[in-house]
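In this text, all values refer to a predicted model and were calculated from it rather than measured experimentally. The analysis underlying the following values was restricted to heavy atoms, covering all of them including side chains, and did not include hydrogens, waters or symmetry mates. In this chain, numbering begins with 1 at the start of the sequence shown.
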Amino acid sequence: MAKVKYYYDTKTLNYQRIEKTPLDRVKNILIYLGVSVFSGVIITIVLIQFLNSPNEKRLIKEKSDLISQYDILKQNLNEIDLVLQDMQNRDDNIYRVILEADPIPSSIRKAGFGGVNRYKHLENMSNADLIIETSKQIDVISKQLYIQSKSFDEVIELAKNNKKKLASLPSIQPLSNKDLKRMVSGWGYRMHPTLKIKKFHYGLDFTASTGTPIYATGNGTVEKVKYTRFGYGKHIIINHGYEYKTLYAHLSEYNVKKGEKVTRGQVIGFVGNTGRSVAPHLHYEVLKNGKKVNPAPYCYNNDLSIEEYDKMIKLSSKENQSFD
Ligand SMILES: [Zn+2]
């Protein structure tokens with residue numbers, strides 16, 4: 001009920017009732033409504049600040065779930081990245097080395113996208129950093145995977161084509177280990193047996209009894225079967241193709257003819273002491289592109305154990321006298 005208001009009339013010395021006009025009443029109602037609406041809005045704002053509606057609660061939970069899922073996704077991506085790096089290392093350091101292909105430069109493997117900002121459309125999203133970072137990682141992995149897959153195509157093709165090459169390259173010791181007396185002299189400067197001066201020795205000398213079988217160290221064609229009184233004595237040159245040749249010197253007898261096709265492990269001749277030689281031995285040379293190279297690394301695929309091979313490599317690098 002509205003309050004009745006009075007005022008003190010100094011003329012009549014009495015309290016007089018204040019009569020409200022309809023306009024006053026309307027004003028009062030409007031003020032009352034205004035204050036109510038205003039208070040309501042303030043209270044609602046305060047409540048919204050401290051209390052979330054069920055809808056908001058659901059959205060907040062969804063957001064936190066999404067962030068957790070992104071974190072899991074990121075961990076998975078990191079694991080995929082590690083597997084990919086391992087594949088890239090094996091590709092560059094094993095497969096491509098065996099097949100004599102150049103490693104893929106890391107500038108190509110790790111090449112970015114450059115130029116335009118591919119992630120501009122993501123920048124206005126909430127949690128943009130997380131989404132952009134993850135998108136970038138997926139893009140980089142996808143690109144590296146594509147390069148790796150292309151590389152494997154090339155490696156498979158090389159391996160197919162190199163089946164013949166791998167069979168042709170010199171890769172065994174020319175004498176069986178059981179027939180060896182010792183690997184006397186290797187690649188490098190050695191005291192010459194007859195000249196008694198230090199001369200560069202361009203091959204490996206293996207001592208063995210006269211008549212010990214000598215094996216072709218890779219598939220190829222006999223290019224030369226020749227006797228010289230000095231120097232190599234009775235010797236054979238095999239052309240393996242792929243710019244590789246091998247030379248076997250100081251033989252007692254030949255077991256092949258010029259032009260004959262030979263396969264790895266085939267007996268091509270026998271150890272002797274012909275030419276400039278101080279004792280029965282095999283002088284073995286490997287030529288790549290016409291240049292003599294150290295044959296020791298080309299003896300890896302034979303009946304030597306790893307220790308024996310290691311010993312052979314050590315012996316071949318020991319400074320001593322060559323048998324020439
Ligand atoms: Zn020699």
Please report the interatomic distance [atom1]([X]) to [atom2]([Y]), rounded to the nearest 0.5 Å.
X      : Y      : atom1 : atom2 : result
Cys299 : Ile172 : SG    : CD1   : 8.5 Å
Ser171 : Tyr244 : OG    : OH    : 11.0 Å
Lys74  : Tyr70  : NZ    : OH    : 11.5 Å
Leu251 : Ile268 : CG    : CD1   : 7.0 Å
Asn161 : Leu166 : CG    : CG    : 10.5 Å
Glu154 : Asp91  : CD    : CG    : 8.5 Å

What do you reckon, are the aromatic ring centroids of [X] and [Y] less than 6.0 Å apart?
X      : Y      : value
His281 : His250 : yes
Tyr254 : Phe270 : no
His283 : His201 : yes

Hphob cluster co-occupancy, [X] + [Y], side-chain heavy atoms under 4.5 angstrom:
X      : Y      : result
Tyr242 : Ile237 : no
Leu287 : Leu169 : no
Ile67  : Ile131 : yes
Ile238 : Tyr227 : yes
Leu158 : Phe152 : yes

Does [Y] offer a backbone N or O that forms a donor-acceptor pair with the side chain of [X] under 3.5 Å?
X      : Y      : value
Glu133 : Leu130 : no
Asn273 : Ala279 : yes
Ser151 : Ile147 : no
Ser142 : Ile138 : yes
Thr21  : Asp24  : yes
Asn219 : Arg264 : yes
Asn289 : Lys291 : no
Arg96  : Asp102 : yes
Ser252 : Val271 : yes
Ser277 : Thr274 : no

Could you go through Gln148 and Arg109, starting from their C-alpha distance and side-chain angles, then the distance that decides it, and tell me whether this counts as side-chain contact (heavy atoms from CB on, under 4.5 Å)?
CA-CA 8 Å; Gln148 188 53 55; Arg109 283 204 189 273; 2.8 Å; yes

Minimum heavy-atom separation for [X] and [Y], please, with both atom names.
X      : Y      : result
Thr44  : Gly40  : OG1-O, 2.6 Å
Leu13  : Thr10  : CD2-O, 3.4 Å
Gly186 : Leu204 : CA-CD2, 3.7 Å
Leu122 : Ala128 : O-CB, 3.5 Å

Sub-4.5 Å side-chain heavy-atom contact between [X] and [Y]:
X      : Y      : value
Leu247 : Ile236 : no
Ile132 : Glu123 : yes
Thr212 : Phe206 : no
Glu285 : Lys245 : no
Tyr215 : Leu175 : no
Lys61  : Lys57  : no
Lys120 : Asn117 : yes
Thr134 : Leu77  : yes

Do Lys292 and Val286 pass the side-chain contact (heavy atoms from CB on, under 4.5 Å) test, and can you show the C-alpha distance, the side-chain angles, and the key distance before you say yes or no?
CA-CA 6 Å; Lys292 292 172 183 181; Val286 172; over 6 Å; no

Please report the C-alpha distance between Arg25 and Asn28 in whole Å, then the side-chain angles of each, then the deciding distance to 0.1 Å, and finally whether the side chain to side chain donor-acceptor pair (under 3.5 Å) criterion is met.
CA-CA 5 Å; Arg25 287 177 194 274; Asn28 281 345; over 6 Å; no

Taking atom NZ of Lys136 as the centre, does the number of heavy atoms from other residues, nucleotides or ligands within less than 6.0 Å exceed 12?
no

Within 6.0 Å of CG in Asp86, more than 12 heavy atoms from elsewhere:
yes

Does the ring pair (Phe, Tyr, Trp, His ring centres under 6.0 Å) test come out yes or no for Tyr284 and Tyr248, once each step is laid out?
CA-CA 5 Å; Tyr284 175 60; Tyr248 311 78; 5.3 Å; yes

Describe, in one word, how the ring planes of Tyr202 and Phe200 are oriented to each other, choosing from parallel (under 30°), tilted (30 to 60°) and perpendicular (over 60°).
tilted

If you apply the rule side-chain contact (heavy atoms from CB on, under 4.5 Å), what do you find for Thr228 with His235, and how did you get there?
CA-CA 8 Å; Thr228 52; His235 62 281; 4.0 Å; yes

Distance alone, cut at 3.5 Å: any donor-acceptor contact between the side chains of [X] and [Y]?
X      : Y      : result
Gln88  : Gln144 : yes
Gln266 : Asn255 : no
Tyr119 : Asp139 : yes

Lys63 vs Ile60, test: side-chain contact (heavy atoms from CB on, under 4.5 Å). Steps then yes/no.
CA-CA 5 Å; Lys63 187 179 166 184; Ile60 286 168; 5.7 Å; no

Cation-aromatic face contact Lys226/Tyr232, 6.0 Å, 45 degrees:
no

I'd like to know if Arg190 and Asp205 make a salt bridge, using a cut-off of under 4.0 Å between side-chain N and carboxylate O.
no

